[in-house]
Amino acid sequence: MMDNLRAASNNVVLKIILALIILSFILTGVGNYLVGGSGDYAAKVNGQEIGRAQLEQAVQNQRNRLQQQLGDQFSELAGSDGYMQQLRQESLSNLIDVTLLDQYSKKLGITVSDQQIKDAIFATPQFQTDGRFDNAKYLQSIQSMGYSADNFAQLMKQQLISQQLEQAYGQSDFVLPVESKSLAALLLQVREVQTATLDTDALAAKQQVTDAELQAFYDQNKNSFISPEQVKVSYIEMDAAAMQGKTEVTDADISAYYDQHKSEFGQPERRRYSVIVLKSQADADAVAAELKKGTDFAELAKTKSTDALSAKQGGDLGWMEPETTLPEFKNANLTAKGQVSGVIKSDSGFFILRLDDVTPEQVKPLAAVRNAITDKLKQEKSLDAYYALQQKVSEAATNDNESLTSAEEVAGTKAVHTDWFTQNQIPAGINFKPVVQAIFDGGLIGQDGSPGSNSDIITVDGDRAFVVRVEAHKAEGVKPFAEVKDQVTTLVKRQKAQDQARMDGEKLLTALKDGKGDDAMKAAGLSFGAVQKVQRSQQPSAFESNVYALPHPQKDQPVYGLTQDNKGNSVLVKLNTVTSGVVPEADIGRFNQEMQQTSSNVTFDALLTNLRQEAKIKYGSAAQNQ
């Protein structure tokens, strides 16, 4: 198992599978590529296509994620053809793995219910505010990634299926006590080191570069200096809420609405009845006779009525409004309190009815509801005006497609004009998905940067609407050298500085290993700093990995190495001591459980490897052109 664990720690396939079972992987958009492709496919997995468009989208998603994480450093990586080719290959490999798992889960009959998907979405921390599901945050998150609710549910379904597969193949694994002890010694190991840093920024400031070097770097890395598509637009916004404040309501309007909707402002007449329900005409006649003799109605209801619920209340049915009163009750024509009906026959038997009380219709006076009516009428009038204005502006924008001048006159407001912006930096005033789609889908964009067409009415949530015009357009392209020369200069100087730092570090490392380090370090103006304790993390940095790659010190003699920190500086490492890890007694159970999960992941990795070996995978032209 120790060998398996060491192998798994560097196994790319296992990392892919582990990524499958967490939502962050799903959010990169990989899971959505199980739908059919086109004839120009990237790969076929047991006859199921992975389309070229799917692969391109996967690569783009990964690029966007890395760019957000690395910022300017990604430009250096993206300038390497080898790195981008590796990125494409890993993206395609991911898609193939997801497809294999989907096919295998169907073969096993693994299913996920709609309720399970819903519960999983509700439990996702990314969609919560203060520990509770936030629907607005959920919709904003998935829409920003270009997903509909249905598409995202499919992504979540694939994740849950993958989890079931991973759990199914990990339930039988166990860890022996001797293995647990050995793993703890390795994984919880502490290494005490000292470091000396060769500052790349300081070296970069001293570098000299020629125009030829800058031009050569630019020519080799043009794809790193892409200028995204940009537009300038003008737009007119129509807002129903804003129009409400400008809407006038007259006293006549208010009075007319009050007279037509009095039922909304009061309580209709209510009547309270009591009833005695009987099975037969004879029983009913007998009770009617008792009532005529003066026997108490409530007592007879309790002792004679077959309706147990009302009998307990002495026949009392409570208050009834006209809408809830049975036709038989209305037809009894009881008008006075205490009046008792004769025997009434109905589909459910026979009954005798008594009118206990009457509350006349009550209507609030106009003065009490005037403000509420005013607000309602303003809202209705503003909506009517809003939709009428939409129609007029739409006609004006269509009839005069050369500008928004006519639409401005009809709308009674001036259009807003934006500066240049990209699809990733939308001005707040028009940052709505329908508006952004209309701008960048090409339908409004003119030829060769010329002004485009006026849009039709674009409605968004919140009773707002827009008419948009693309005033100018710049297509995506490579930025000219003159525009990025300063950026190129910085990159070339930094690259030279990193090369120099690495070479200087290698010379110092050789001197340290040869026992001549003190003089060499002094000459370089460097010294080792304070002792640091380094432990393994779940996602080790390059620094941690290199520290743990160093051999153990022998006979109290330190071991030296050279690595890089997260800023790209070369770092000399002096490893002094290595202390084996020990799990505290209270944590042994949890540690064993985590080790069992690691073993389960290795088993799941073996499953995927087997699926790949048995699968018929054919690569198409889209993959071969990588």
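Note that the structure is a prediction, hence the values are computed from the model and not measured. What's counted below: heavy atoms across the whole structure, side chains too, no hydrogens, waters or symmetry copies.
- Other residues, nucleotides and ligands place more than 12 heavy atoms under 6.0 Å from the CG atom of D441.
- Between K567 and D201, no side-chain nitrogen of the basic residue sits less than 4.0 Å from a carboxylate oxygen of the acidic one, so the salt-bridge criterion is not met.
- Side chains of T200 and R502: a donor-acceptor N/O pair is absent below 3.5 angstrom, by distance only.
- Using a 4.5 Å heavy-atom cutoff, the side chains of T422 and Q230 are in contact.
- Annotation for A501 and S570: closest pair C-OG, 3.5 Å, computed over non-hydrogen atoms.
- Considering every non-hydrogen atom in both A497 and A204, the closest pair reads CB-N, 3.4 Å.
- The side-chain heavy atoms of R88 and L55, taken from C-beta on, include a pair separated by under 4.5 Å.
- Counting only heavy atoms from C-beta outward, the side chains of V547 and V573 approach each other to under 4.5 Å.
- When all heavy atoms of L92 and A42 are compared, the closest pair comes out as CD1-CB, 4.0 Å.
- In terms of heavy-atom proximity, L512 sits nearest to G517 at CD2-CA, 3.4 Å.
- Counting heavy atoms from C-beta outward, Y548 and V534 have side chains that approach closer than 4.5 Å.
- Between the side chains of Q423 and E229, not a single donor N or O lies within less than 3.5 Å of an accepting N or O.
- Within 6.0 Å of the NZ atom in K507, the count of heavy atoms belonging to other residues, nucleotides or ligands does not exceed 12.
- Aromatic ring orientation, F133 versus Y138: tilted (interplanar angle from 30° to 60°).
- Atom NZ of K206 sits about 6.5 Å away from atom CG of L203, to the nearest 0.5 Å.
- Between the side chains of N94 and E90, no donor-acceptor pair of N or O atoms lies under 3.5 Å.
- No side-chain heavy atom of L550 sits under 4.5 Å from any side-chain heavy atom of N546.
- Contact annotation: the side chain of F217 never approaches that of L214 to less than 4.5 Å [non-hydrogen atoms, C-beta and beyond].
- Side-chain contact, T195 with Q532: a donor N or O sits under 3.5 Å from an acceptor N or O.
- In summary, the side chains of N569 and T197 do not present any donor paired with an acceptor at a separation below 3.5 Å, with no hydrogens or angles considered.
- The CG atom of D134 sits 13.0 Å away from atom CD of Q126, with the distance rounded to the nearest 0.5 Å.
- A heavy-atom distance below 4.5 Å is found between the side chains of E213 and K496.
- Once rounded to the nearest 0.5 Å, the distance linking OG of S93 with CD1 of I617 reads 8.5 Å.
- A cation-pi arrangement is absent between K479 and F225, since the terminal nitrogen or guanidinium carbon is not both under 6.0 Å from the aromatic centre and inside a 45° cone about the axis.
- In terms of modelled atom types and a separation under 3.5 Å, the side chain of N221 and the main chain of S224 share no donor-acceptor contact.
- For the residue pair T577 / E192, a side-chain donor-acceptor distance below 3.5 Å is found, with atom types taken as modelled.
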- request: Could you walk me through whether Q128 and T124 pass side-chain contact (heavy atoms from CB on, under 4.5 Å), step by step?
  value: CA-CA 7 Å; Q128 294 179 354; T124 302; over 6 Å; no
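- Looking at every heavy atom in both residues, E476 comes nearest to I226 through CG-CG2, 3.5 Å.
- Note that CG of L562 is 9.0 Å distant from CG of L508, once rounded to the nearest 0.5 Å.
- If you take CG on L572 and CZ on F528, they are separated by 5.5 Å, rounding to the nearest 0.5 Å.
- Within the 3.5 Å criterion, the main-chain N or O of V484 finds no donor-acceptor partner in the side chain of Y218.
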- request: Could you check N566 against F543 for side-chain contact (heavy atoms from CB on, under 4.5 Å), going step by step and ending with a plain yes or no?
  value: CA-CA 8 Å; N566 57 8; F543 174 76; over 6 Å; no
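- Using a 4.5 Å heavy-atom cutoff, the side chains of V45 and L95 are not in contact.
- Side-chain N or O atoms of Q557 include none that pairs as donor or acceptor with a backbone N or O of P553 at under 3.5 Å.
- The distance from atom CD1 of I426 to atom OG1 of T418, rounded to the nearest 0.5 Å, is 9.5 Å.
- When every heavy atom of A542 is checked against every heavy atom of T563, the shortest pair comes out as O-OG1, 3.7 Å.
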message: Test side-chain contact (heavy atoms from CB on, under 4.5 Å) on V559 and H552; report intermediate values, then the result.
response: CA-CA 7 Å; V559 174; H552 288 218; over 6 Å; no
task: Quick one: do E49 and K618 satisfy salt bridge (Lys or Arg N to Asp or Glu O under 4.0 Å)? Show the steps, please.
output: CA-CA 9 Å; E49 284 190 9; K618 180 181 179 182; over 6 Å; no
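- By the 6.0 Å contact criterion, CG on D518 is open, its count of non-hydrogen atoms from other residues, nucleotides or ligands being 12 or less.
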task: Show your reasoning for whether side-chain contact (heavy atoms from CB on, under 4.5 Å) applies to Q189 and T579.
output: CA-CA 6 Å; Q189 184 186 95; T579 305; over 6 Å; no
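- No donor-acceptor pair under 3.5 Å is formed between the side chain of Q535 and the backbone N or O of V190.
- R191 has no carboxylate O lying under 4.0 Å from a charged side-chain N of E544, or vice versa, which leaves the two without a salt bridge.
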